Amino acid sequence: MTSRVPFWLDQPDAPLPEPALTGADAAELAVIGGGFSGLWTALLAKERDPARVVVLLEGRRIAWGATGRNGGFCSASLTHGISNGLDRFATEIDTLERLGRQNLDQIEQAIVDYGIDCDFARTGELSVATADWQLGGLADAAAAARKLGGDVCLLDAGQVRSELNSPTYLGGMWDRDGCATLDPARLAWGLRRACLQAGVRIYEHTPVRAIEPGRRSLALRTPAGVVRADRVALATGAFAPLLRRLRYYVVPVYDYVLVTKPLTAAQLASIGWQHRQGVGDSGNQFHYYRLTADNRILWGGYDAVYYYGSKIAASLDQRPETFAALADHFYATFPQLDGIEFTHSWGGVIDTCTRFCAFFGTAHDGRLGYVAGHTGLGVGASRFGANVMLDLLSGERTELTELELVRTKPLPFPPEPLRAAGIGLTRWSLARADRNGGRRNLWLRGLDRAGLGFDS
Ligand SMILES: Cc1cc2nc3c(=O)[nH]c(=O)nc-3n(C[C@H](O)[C@H](O)[C@H](O)COP(=O)(O)OP(=O)(O)OC[C@H]3O[C@@H](n4cnc5c(N)ncnc54)[C@H](O)[C@@H]3O)c2cc1C
């Protein structure tokens with residue numbers, strides 16, 4: 001029987017919830033959302049000023065959203081990969097790469113400083129080609145990464161198979177330093193503990209229903225209370241935004257994941273994987289996979305499913321046809337593991353925007369800051385985004401607030417029914433390109449020209 005609870009959250013030592021808010025509270029900074037974005041914002045605010053009164057409001061449980069459901073790839077990239085970064089932010093990509101590496105180093109240091117046991121391992125990431133047309137893209141990405149200081153090497157079919165043994169691999173690229181794997185729920189629970197120890201007041205099961213501007217503060221209305229705050233950081237990811245304008249910039253896209261039973265020593269030996277890198281294949285519809293600390297394989301991605309009207313519902317967390325396709329692809333990649341069982345299956349929503357990396361802004365006369373749009377690569381970048389939000393809320397000009405990445409916004413999505421039609425056509429076209437040697441049809445070429453194209 002497969003558990004429908006995300007593997008990371010399905011742990012006997014998960015912390016008990018903090019109480020919900022009843023009555024009134026007041027804060028200098030209120031953070032809405034208890035995923036990585038919100039947790040880092042609260043913790044970094046306390047690091048900057050330990051005396052600051054900080055409150056965090058989470059509608060469900062800490063890490064209930066994307067933060068507790070992801071692949072646990074903690075990447076240095078702030079731009080969803082170097083190719084996307086070069087396409088969109090060519091003039092500042094060297095700065096963004098430097099800031100991204102610094103951010104990953106600081107995450108590693110914070111995990112040590114706060115004593116967070118989250119299986120952080122800086123194993124790097126292996127990008128593998130499973131079709132000839134993908135090899136050129138990997139060579140280009142490797143050259144660009146090396147030019148910007150990345151510790152990256154190209155591998156031929158034999159070399160990549162000696163890292164991880166799949167008959168489907170034709171070549172690969174190993175970024176040795178730009179990515180770590182970790183247990184995301186344990187990182188979130190560790191950040192939660194660090195926040196509490198620093199004096200952050202956390203309320204779980206406390207959804208904010210409305211933000212009302214007052215003369216001196218913003219009032220956050222919850223089912224049984226209110227928080228009045230001088231400043232508010234909005235970190236609600238893909239979920240129904242409390243700020244109307246965000247509805248045009250972010251759509252929730254479902255991504256699905258399987259986890260196997262722990263591999264036996266013989267099964268592990270049959271595939272190799274001594275360096276335990278996170279792995280991604282290089283199609284437009286790609287899979288990502290990695291080992292867990294107890295040697296299961298987490299296997300996710302491929303289908304990215306948008307439901308009409310930006311629907312989010314518990315019933316959509318399971319999608320049998322996607323799980324069946326993922327399982328087929330898994331066994332084709334690792335025939336040595338034929339028949340191994342999957343113990344967990346789940347889905348989660350990704351806050352997708354048209355530029356595939358986060359955007360930022362303020363509202364209510366600079367009293368509210370927001371970040372959204374990490375598009376499936378926010379485990380690492382969420383800490384950077386938290387620093388950006390705090391800088392924006394400070395009202396000061398900093399290195400971060402002056403970045404083009406921070407000053408510009410993605411193109412908005414059209415309203416329904418165009419939204420669903422456009423996303424559906426894009427998905428169909430990307431699948432077709434994968435079957436046709438990577439050739440992009442008229443629609444994808446048009447999106448590329450408009451700066452909306454995505455080449456994974
Ligand atoms: C299946 C999947 C796989 C992924 N894999 C990776 C990966 O390997 N690497 C990577 O870098 N990224 C990955 N991501 C993305 C990554 O998980 C996120 O970018 C990251 O966790 C940052 O999340 P967040 O805090 O912005 O949002 P979330 O974790 O979704 O947190 C938002 C929180 O806000 C709360 N909330 C919403 N509305 C309200 C409200 N009105 N009041 C109070 N609280 C509210 C929600 O309950 C939620 O807990 C993946 C995502 C998914 C879904």
Side-chain angles (χ1 to χ4, degrees), residues 6-9 20-21 30-42 56-78 80-81 104 107 125 179-182 184-185 187-188 191-192 202-211 220-223 227 232-243 246 250 252-258 278-280 287-290 298-305 312 317 322 345-353 357-358 370-386 389:
F7 169 71
W8 310 115
L9 298 174
L21 174 71
V31 180
I32 310 177
F36 283 135
S37 296
L39 288 163
W40 281 118
T41 305
L56 186 151
L57 302 147
E58 163 54 47
R60 309 268 189 138
R61 297 291 315 276
I62 293 292
W64 172 83
T67 293
R69 299 167 189 244
N70 60 66
F73 287 57
C74 187
S75 171
S77 179
L78 304 176
H80 210 134
L104 182 55
I107 290 173
E125 184 171 5
C179 187
T181 55
L182 51 74
L187 174 57
L191 293 174
R192 170 190 189 272
I202 297 181
Y203 298 107
E204 294 185 66
H205 295 300
T206 304
V208 175
R209 300 275 193 236
I211 302 174
L220 310 182
R221 300 277 167 201
T222 72
V227 174
V232 171
L234 186 61
T236 50
F239 298 93
L242 289 158
L243 205 58
L246 293 184
V250 183
V253 171
Y254 273 81
D255 192 35
Y256 294 93
V257 183
L258 292 173
V279 183
H287 307 88
Y288 53 87
Y289 40 108
R290 53 160 295 181
L298 175 150
W299 177 267
Y302 192 73
D303 272 344
V305 186
I312 297 177
D317 286 356
T322 292
S345 67
W346 71 89
V349 274
I350 283 177
D351 52 338
T352 302
C353 71
C357 59
Y370 60 82
V371 60
H374 282 297
T375 318
L377 207 70
V379 170
S382 54
R383 182 183 176 282
F384 170 85
M389 254 199 303

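From a predicted model like this one, the values you see are computed outputs, not experimental measurements. Atom set for the values below is all heavy atoms of this structure, side chains included, hydrogens, waters and symmetry mates excluded. For ligands, and for the atoms within them, numbers begin at 1 and follow the listed sequence.
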Within the structure provided, determine whether [X] and [Y] are in side-chain contact (heavy-atom separation under 4.5 Å).
{"X": "Thr41", "Y": "Val371", "value": "no"}
{"X": "Asp255", "Y": "Tyr288", "value": "yes"}
{"X": "Arg192", "Y": "Glu204", "value": "yes"}
{"X": "Met389", "Y": "Val31", "value": "no"}
{"X": "Ile107", "Y": "Cys74", "value": "yes"}

If you count the atoms of ligand 1 from 1 in the order shown, which ones are under 4.0 Å from a heavy atom of [X]?
{"X": "Trp64", "value": "47 (O)"}
{"X": "Leu57", "value": "43 (C), 44 (N)"}
{"X": "Gly65", "value": "29 (O), 30 (O), 49 (O)"}

[X] near ligand 1, heavy-atom distance under 4.0 Å?
{"X": "Ser75", "answer": "no"}
{"X": "Ala235", "answer": "yes"}
{"X": "Gly300", "answer": "no"}

Indicate, as side chain, backbone, both or neither, the part of [X] found under 4.0 angstrom from ligand 1 when only non-hydrogen atoms are considered.
{"X": "Thr236", "result": "both"}
{"X": "Val257", "result": "side chain"}
{"X": "Tyr288", "result": "side chain"}
{"X": "Phe73", "result": "both"}
{"X": "Leu39", "result": "neither"}
{"X": "Ala240", "result": "neither"}
{"X": "His374", "result": "side chain"}

Heteroatom proximity flag, [X] to ligand 1, N/O under 3.5 Å:
{"X": "Thr67", "value": "yes"}
{"X": "Ser382", "value": "no"}
{"X": "Gly378", "value": "yes"}
{"X": "Ile350", "value": "no"}
{"X": "Glu58", "value": "yes"}

Residue selection (non-hydrogen contact nearest [atom]) among [options]:
{"atom": "atom 25 (O) of ligand 1", "options": "Ala358, Gly38, Ser37", "result": "Ser37"}
{"atom": "atom 27 (O) of ligand 1", "options": "Gly237, Gly33, Ala238, Gly71", "result": "Gly237"}
{"atom": "atom 43 (C) of ligand 1", "options": "Gly68, Gly59, Gly348, Gly34", "result": "Gly59"}

- Message: If I take atom CG from residue Leu187 and atom CG from residue Leu182, how far apart are they, to the nearest 0.5 angstrom?
- Response: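 Answer rounded to 0.5 Å: 5.5 Å.
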- Answer yes or no: is there a donor N or O on one side and an acceptor on the other, between the side chain of Arg69 and the main chain of Trp64, under 3.5 Å?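 Confirmed, Arg69 side chain pairs with Trp64 backbone.
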